[in-house]
Every structure is written in C-alpha cells, then in structure tokens.
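The sequence lines fix the lettering, A, B, ..., with proteins before strands; numbering per chain opens at 1. These values consider heavy atoms only, across backbone and side chains, with no hydrogens, waters or symmetry-generated copies.
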Amino acid sequence: MAKYPFKEIEQKWQQRWEEDQTFRAVEDEHYPKEKRRYVLDMFPYPSGAGLHVGHPEGYTATDIYCRYLRMNGYNVLHPMGFDAFGLPAENYAIQTGTHPAVTTYTNINRFRTQIKSLGFSYDWSREVTTCDPEYYKWTQWIFLQLFKKGLAYEAEMPINWCPSCKTGLANEEVKDGHCDRCGTKVVRKRIRQWVLKITAYADRLLEDLDKLDWPEPIKLMQRNWIGKSEGATVIFKIDGHDATLEIYTTRPDTLFGATYMVLAPEHPLVPSITTPDRLAAVNAYIDEAAAKSDLERTDLAKDKTGVFTGAYAINPVNGARIPIWISDYVLISYGTGAIMAVPAHDSRDWDFAKKFNLPIIQVVAKPGETGPFDREPAECFEGEGIAVNSSEFNGLPTAEFKQRITAWLEERGIGKKAINYKLRDWLFSRQRYWGEPIPVVHCEHCGIVPLPEESLPLTLPEVKSYAPTGTGESPLATIEEWVQTTCPKCGGPARRETNTMPQWAGSCWYYLRYLDPHNPKAFADRSKIDYWMPVNLYVGGAEHAVLHLLYSRFWHKVLYDLGLANTDEPFMRLVNQGMILGEDNQKMSKSRGNVINPDDIVANYGADTMRVYEMFMGPLEVSKPWSTAGLVGVSRFLERIWALSERAIIDALMSPELEKLLHKTIKKVTNDTATLNFNTAISQMMIYSNELAKLESIPRAAWEPFVLLIAPYAPHLGEELWAKLGHTESVSKAAWPTYNEALTHDEEKEIVVQINGKVRSKFTAPAGTAREQLVEMARQAEKISDWLAGKEIIKAIAVQDKLVNFVIKG
RNA sequence: GCCGGCAUGGUGAAAUGGCAUACACGGCAGACUCAAAAUCUGCUGCCCGCGAGGGCGUGUGGGUUCAAGUCCCACUGCCGGCACCA
C-alpha cells in the first residue's frame, strides 16, 4: 500500500489554487447581503523567529469555516496581511545598521511562504502591509481626520521612559515596571506627546459592547478598562480662602463621615493653601512624589504616605472643619484630583487615617447592625447599608441617600451628579524611527498645521543612525534637511513633527483596507465597505482585549461619524483562540527549549496533518499543550483515509446501518463546523472512517460525501480524493453534502433501567414508545424482577427513548 | 487585594439535568514477520471477588432533584486581567 504522498499532493494543489486564483473574492451583486461573509484573522507581526504554531491555530479555524461557507453558497472575504511597523525590526537596525524595511520584508516573505505552506484559502491579491507607504498614506490620512475633528492634540505629559534604551515606551512595553526589552526599571519623564481623545468615545465604547457577540470576559475587560463610575462632585469651602475645593466621590452618602481631605501632590491649589509652617514639608513631599515612577507610586507603595498642608476645609453638610492633606494615593489624572476621605467606609482612607491618627466616624450601619455608633468602628466597611450619624438623613438606605444628598447639594449649588471614567486619552506618539510619521508641521506663525491630504504619504526619510537620540526626540529629529520645511498654510519656515505613530495605528483599520487594497483615491471605496462590512467573524488571541480591540473600535466609530463607514462597530463576532503550550505544559519560549516549529511539522507530516491536529487538540478557545504523539495519531487518521481511497470505489448500495451513520456524520460535522466545534467534528469523521475501514470495497455514495466533509479540514487531501473520484473542478466549489433528518434517528433505542438511580439493566424499545409502556417493559427486563421482588415501588420515572428509573423502598 | 476563566482516566479530551470517560494518544495481549518497524484485531477508570457480581468514582465539603460533570452555596488549586480610579 502506497503511503499518503502528502508532499506531492500539497505542492500540487497549492500551485493549482494560485494559478486558478481559486479563492479570489469578488464583489458579486448576485449574492444577497445575507449570503456574504467577512471572516478575518488577526494579522501577524512578522517577527524574525518565523511563524509560531499558535498562528496556524486561529488561521486554520477560520480557513475551515470559510471553506465550509463557500461550499454552502456564501461569497466569502478572507484576507491576510502584515502588521509591519514595530520595535523588533528597529532594535535589530540599531544593533546591525540593517534598514528596518529590509528586515521587515525578509520576514514578511518568510511568513507568507510559511502561511501559504498550510494551504489557507486567503485571497492574496488583497494582502496589505502596514509599513508600505501606499498603506500608511491612509493611516496618516485618518490621523488628519482625527486631528481636524479635534480628536488628536498635543500635550506635555509624563510617560514611561527607559533610561537604558533612551526612549519612551508604550504601556504594553512595560512589564511589572520594567522595560520589556532590556529589563531596566522604567522612570517617568515629561515630554511633548501626541494624544488621541479616545475618552470622548468612552460612553459609546462602553454602551455598544452590548451589541457585540464577543466572549463575555473580553467585554468585561473592556468595561473595566473604560471604568465608568457614577457619583457626585461636591464643593468644599476652604477656611480662610476664597478658593473652593471640588472633589469627586461615588459615595456622597458618606459625606457626614468625611474627616479629612486629600489632594494629589500635583493639585493646583496646593501652593496657595499651604501654610508657611507646612511649606517645607509639603514641597519636600511634592518633590519626592515627582521623582517616583508609576510603579513606586502604585504597585510597590501600598504603604500610605502624605503630609498635612495646614489648611482646613468646611464640610458643607455639617460645617465641620477638616484638615487638608496631600498624598500620592490620590491621582491628579482622575476625577478632580482631590477627595474627601471617609476612613470608616473606604479601605484606602482607613489605612491613611490609621497611619496618621485621623478621626474615623461611622456613617453607614451594616444591614442588621444595631450600634452603638458613637465610637470608632473596629473595621472598615465598604458595602451598602443604613445611614447613621448623618443628621436628618439617618435611617436612609445607601442608594436612596445618594439620590437625596445629590439633590440636596444641587439645590444649594455646591455639588452635582457626575460620571468619571478610568479610561485615559491614548498616548499616540513614539520617539522612534520605524513608524508612520505624524503628518503635521510646527509653524512659528500658524502653530500646528496639518499637511494637505494630497501631499500624503509623508514617507520616512533615510537616516544614518536608527538609535534614539536620548533627548526624547526620535531619530528623525537629527535629519535637519527633512525637519526643516515650509508651512503649507503661510509658506513660512516650519519644522516637521518628528514623533511617529505607535504600532497599533496600522492595525486600527487594516480590515478596511482589505476591502479595496489598491485604491489610490480613498482608504476604501464606500460601495465595497457596504458590500462586505461589518466583519462577521474575527478570530485572534485574547492578549489584544483592551488594546487593539479598543483602539480599532474607537477609530471605526470616528470613521462612522464622518460618514465613511456603514456600521458603528467593526467586528460583530469575536472568538479568541486558546494558547498552544509546549509539550511540558509551559508557555512556548526559546529559553525553555519547548518551541515547535511549524515548518518541521509540515515537512515531516504535511500541512493537512498539522491543520487537523491543531483542530483536534481540543476546543478552539482553550489553551492546550502540544503533543507530538497526538499529532502522529492524526497523521495515521489521514493515512487511513488515503488507504481507503486506494480501495475499490463501487457503485453499489450501502448497508442501511452505514447509511444511517453517514447521515448522522453529515449532520454532526455540519453543525460542529458551523459552530467552530472542530474537535468533535473530527472525532465523528474518525468514527465514520473506522466504519468504512471494515469494508473491502466502498460504495461511492458512502465515500463522496465523506470526501466533501473532510475537504475544509484537510484541503489538499480533499482535492486529491475529489479528483480521484473523477471530478475536474476544485472540491472547494462543490456543494456541501446534505443529510436526511429521518435517517439520523434510530428506530430502536436502548433503554436504561435504573433502581434508585443506579443502572441495573437495559433493553431495546422502538423509538417513541410511550412512557407507560416503557415502565411495563422495564419490569420485565433482565434481573429487574429480582431487584423489585418484595420491594415497594414508590415511583417509576420514564423518559422517552432514554430510561426508566424505579424508586423503591425496603 | 479586586474581577474573570478553568479543574473529568496514565495523557489530549467527549457528554440538550438521564448509561461518565465518545474520539485520539499511551499501555497490555494477539495476528502478520526469521526478526523488527509499519499495519491490523482485542482489552484497558479505581477497589473487592476465582467467578457471577458488587462497591467507589468528574478538585474538596455541603445542598436541590427520582436522577448532578452539568443547577445552587461554601472552599481549594492553577491560569489570565486589573491594581490606590475615591
């Protein structure tokens, strides 16, 4: 018996698909909207390490699904491209002097070859690369639209700075307070930055999550990241000053329990309210806080610090004079940068009050708590309850008190309802070379001036050194002839922006460029957007939950508001594939030496084996360890199918039993493929092929549908077997097999007989036998009369086609 | 600390509240072979028993139910996210 010649077959069909452009997607109006599907993979960053076994997992899943959809009469858009700007290529350039574009395109070519070797049905004519000027021209163009809408602005703000790499780092490049690349401790540095006003969309980004068919944990992560909170602002008078102090609280009902105030060290009121005797201490504290990194201020420094300013605020509800402190546990960037401290009902305030011996007054009684409430409580209580020590509000439940006190404050003009978000504006600039140049100039007369859209792309100039300057400017700043330019508005001298965009920029909208990748006039023609969008299924890793997936939702909404997109959400359904771990159940990494290279698998076992194995490992969404033994099992499965195809395929009727199994198999594989439950679809195909293996010759009617079922999973094998059956057209154009529902049901059912819930016997009965009759049959069943002898039957439960359970006593 | 996810044989894993362990790997036995590999067939949760058979079993402890891997409550462990957001 000839071994399955996967090398020849895979090469042959990949070549054929390319020559025939089998998977080219065309905007054919004959397909109604509901027969079109846009199935998207998260495109890869082409690293120097080559494709990882994790990449093909999601790609295989979408590929099987796309092939399944095409066979079911759908017009499918399934593109692939490369996220090509980014740090690794630039860092390599710094070390070796190789232009990042050279490294990047070498890696892209390798990735493309690797991806193609797995036989995915992408429409490669739509490939996009984010570092291509023809692509980033439109990234810059979208930036200009954001700028014109006032959604991109310049600001001085503290950022994460790596003193060793001499560059700013994005939040995602900081791991536990250290530079992800070199391990140096990150410090804060104030430099000029471009920032995108994502906060303007906070509420819509939150609300619209409800429309999306995404995994709940991902939606929850976005909700938490956006962090909407509802409360009130309250204005406190400052004793002896005209200025007032505004604070934000989610618990206005605890106002009577405020025993001190805390300002962030950066709060603008601090200098003016600090008393002379406290000035030295306050200034020392401010300097100390400023020198701390974010890590020191948050992660490591749960220990509260702070100093008294010498000033007092007046509590508007009871006139109490309460001290104003400063502490870095209050953040200048959230709310009003100032709080009222209620130590009895906030654990942070509790810790602070305990440390500095500040008074603690209980104002909320736990449900059922009876008091007395005139002494300092033994512990902090943050839950809801009944108001105490709150004058005329005593006895009110928390929720009601909140409403009443907010109205009370509003009437007096000293407070109002307020909403805050944890989400911050998006720090959008990098002091890096390998990114999209930000298309604006700084003019002495006109200020910041956007480049005219016709002048785009603003391409990256060549530089001698890719190394960061260390001054907080990108390497672009060193090219005087590039930096010096003229103002598009007044024609006077101007300097180009030298910051570049972060890696996330290109991926914010790539799914739109796939729709019309070569359009020189627009990022995508509106008719093509209307034809395909929104994305029906988006598959990728969960690590992008709050970064790419939030950023691209933001950009998409902006485009929608500009009338440039047809929906206000880009990705209707999201599925996260689980991680593939090493054989040792650890994350794959070079240092652990447990990395599996897909090239080796394809070379030794074939692409189809790789594909089917990755889908057979377990559910798509969960993490699972790689197992070479498991891979071999799948390889044997495909070998057996090949061996079956070498047997005589005859035009004879199949047995009724086989026919039933065939229809059950078609049903299960159809449903499981449609719902992405590929592992159970594969095991059903194994069951069916094991049955076929018992036959010396195989009825054509039993074989052909099976070839069609396996084709999306093992497409090369599928094509070859289909051709062996005499078909000349690609199996991907064939119609998916149908099943007869009646044949998927058994006429005879095995009925289980239980005594007190334990299985004691079994018998067969015609499907649909009435429950009363099942009970009668069960009484006669083998051994059951012995079990029932001399016992009282309290109850007999019968479930049609399933079981009879006798509940007995004695 | 807070939020979320997961936990089933030696292993990867199946299971609309209705026979737990389908399918695959591994293991054992057998067939083929001079032999081995490959391939094929059978067996394979644990305990007691010669056997018939019985008992126990889905991280732990409770509960609901005629019936729980599945539903509820409490806990443990692992993985992920957030981390002074007032």
Going by distance alone, is a donor N or O of one side chain under 3.5 Å from an acceptor N or O of the other, for A:Arg640 and A:Ser689?
-> no
Under 4.0 Å between any heavy atoms, over every strand shown, what does A:Asn690 touch: base, sugar-phosphate, or nothing? Just pick one.
-> sugar-phosphate
Which of the following nucleotides, B:rG18, B:rG12, B:rC82, is nearest to the side chain of A:Asn805?
-> B:rG18
Which whole-number value in Å describes the distance from A:Lys795 NZ to B:rA67 P?
-> 9 Å
Applying the 3.5 Å cut-off to both distances, the Watson-Crick or G-U partner of B:rC19 turns out to be none
Both distances under 3.5 Å, Watson-Crick or G-U wobble: report the partner of B:rA31, or none.
-> B:rU39
How would you label the contact of A:Phe616 with the nucleic acid (heavy atoms, under 4.0 Å): base, sugar-phosphate, or nothing?
-> base
Scan A:Val330 against the nucleic acid and name what it touches under 4.0 Å (heavy atoms): base, sugar-phosphate only, or nothing.
-> base
At under 4.0 Å between heavy atoms, what does A:Leu220 touch on the DNA or RNA strands: base, sugar-phosphate, or nothing?
-> sugar-phosphate
Answer with base, sugar-phosphate or nothing: what part of the nucleic acid does A:Ile687 contact at a heavy-atom distance below 4.0 Å?
-> sugar-phosphate
Whole-Å P distance, B:rU21 and B:rC43 | 14 Å
Identify whether any heavy atom of A:Gln754 sits under 4.0 Å from a base atom; if not, whether one sits that close to sugar-phosphate; answer base, sugar-phosphate or nothing.
-> base
Would you mind telling me which of B:rC19, B:rC66, B:rG81 lies closest to the side-chain atoms of A:Met221?
-> B:rG81
Look at A:Lys660 together with A:Glu657 and state whether they make a salt bridge at an N to O cut-off of under 4.0 Å.
-> no
Among B:rA86, B:rA24, B:rG18, which is the nearest nucleotide to the side chain of A:Lys802?
-> B:rG18
Looking only at side-chain atoms of A:Lys624, point me to the closest of B:rC84, B:rA13, B:rC66.
-> B:rA13
Aromatic plane relationship, A:Trp325 with A:Phe356 - under 30° parallel, 30 to 60° tilted, over 60° perpendicular = tilted
Regarding A:Lys304 and the six-membered ring of A:Phe352, is the cationic atom NZ or CZ under 6.0 Å from the ring centre and inside 45° of its axis?
-> no
Compare the minimum distances between each of B:rA13, B:rA22, B:rC66 and the side chain of A:Ile797, then state the nucleotide with the smallest one.
-> B:rC66
Just checking A:Val752: base, sugar-phosphate only, or nothing, at a heavy-atom cut-off of under 4.0 Å?
-> base
Applying the 3.5 Å cut-off to both distances, the Watson-Crick or G-U partner of B:rU8 turns out to be none
With rounding to whole Å, what would you report as the distance between B:rG63 and B:rG57 at their P atoms?
-> 14 Å
Provide the distance between the two C1' atoms, one in B:rG59 and one in B:rU70, to the nearest whole Å.
-> 16 Å
Winner on side-chain proximity to A:Val807, out of B:rA24, B:rC19, B:rC66, is B:rC66
If you count the non-hydrogen atoms of other residues, nucleotides and ligands that lie under 6.0 Å from CD in A:Glu696, is the total more than 12?
-> no
Can you tell me the distance, in whole Å, between the CG atom of A:Leu774 and the P atom of B:rC66?
-> 20 Å
Could you check which of B:rG18, B:rA86, B:rG12 has an atom nearest any side-chain atom of A:Val799?
-> B:rG18
Residues in contact with RNA chain B, drawn from residues 226-234 of chain A - heavy-atom cutoff 4.0 Å = A:Ser229
Just checking, any donor-acceptor pair under 3.5 angstrom between side chains of A:Asn420 and A:Ser229?
-> no
Provide a list of protein-nucleic acid N or O atom pairs under 3.5 angstrom, restricted to nucleotides 53-56 of chain B.
residue : atom : partner  : partner atom : Å
B:rG55  : OP1  : A:Arg760 : NH2          : 3.2
B:rG55  : OP2  : A:Arg760 : NH1          : 3.2
B:rC56  : OP2  : A:Lys758 : NZ           : 3.4

Taking CD from A:Glu216 and C1' from B:rG80, how many angstroms apart are they, rounded to a whole number?
-> 17 Å
Centroid separation A:Trp626 to A:Tyr613 less than 6.0 Å = yes
Establish whether the base of B:rC23 is bridged to the side chain of A:Gln684 by a donor-acceptor pair shorter than 3.5 Å.
-> no
Have a look at A:Glu543 and say if it touches a base, only the backbone sugar-phosphate, or nothing, with a 4.0 Å heavy-atom cut-off.
-> nothing
Base, sugar-phosphate, or nothing for A:Thr680, non-hydrogen atoms under 4.0 angstrom?
-> sugar-phosphate
B:rC71 to B:rG17 separation - P atoms, rounded to the nearest Å = 8 Å
When you compare B:rA15 with B:rA22, how far apart are their C1' atoms, in angstrom units rounded to a whole number?
-> 8 Å
With both distances under 3.5 angstrom, what nucleotide forms a Watson-Crick or G-U wobble pair with B:rG80?
-> B:rC3
A:Arg640 side chain, from C-beta outward: closest of B:rG81, B:rA24, B:rC84 | B:rA24
Protein-nucleotide distance (A:Asn679, atom CG; B:rA24, atom P), rounded to Å | 14 Å
Assess whether one donor atom and one acceptor atom, taken from the side chain of A:Lys422 and the base of B:rC82, lie less than 3.5 Å apart.
-> no
Determine the interatomic distance between C1' on B:rG18 and the same-named atom on B:rA68; round to the nearest Å.
-> 10 Å
Report the nucleotide, chosen from B:rG26, B:rC84, B:rA13, that has the shortest atom-to-atom distance to any side-chain atom of A:Asp328.
-> B:rC84
Mind listing the closest non-hydrogen atom pair of A:Pro265 and A:Val330 along with its distance?
-> CD-O, 4.1 Å
Of the listed nucleotides B:rA15, B:rC84, B:rA67, the one nearest the side chain of A:Tyr329 = B:rC84
Have a look at A:Ser327 and say if it touches a base, only the backbone sugar-phosphate, or nothing, with a 4.0 Å heavy-atom cut-off.
-> nothing
Parallel, tilted or perpendicular, as decided by the 30° and 60° cut-offs, for the rings of A:Phe401 and A:Phe256 = tilted
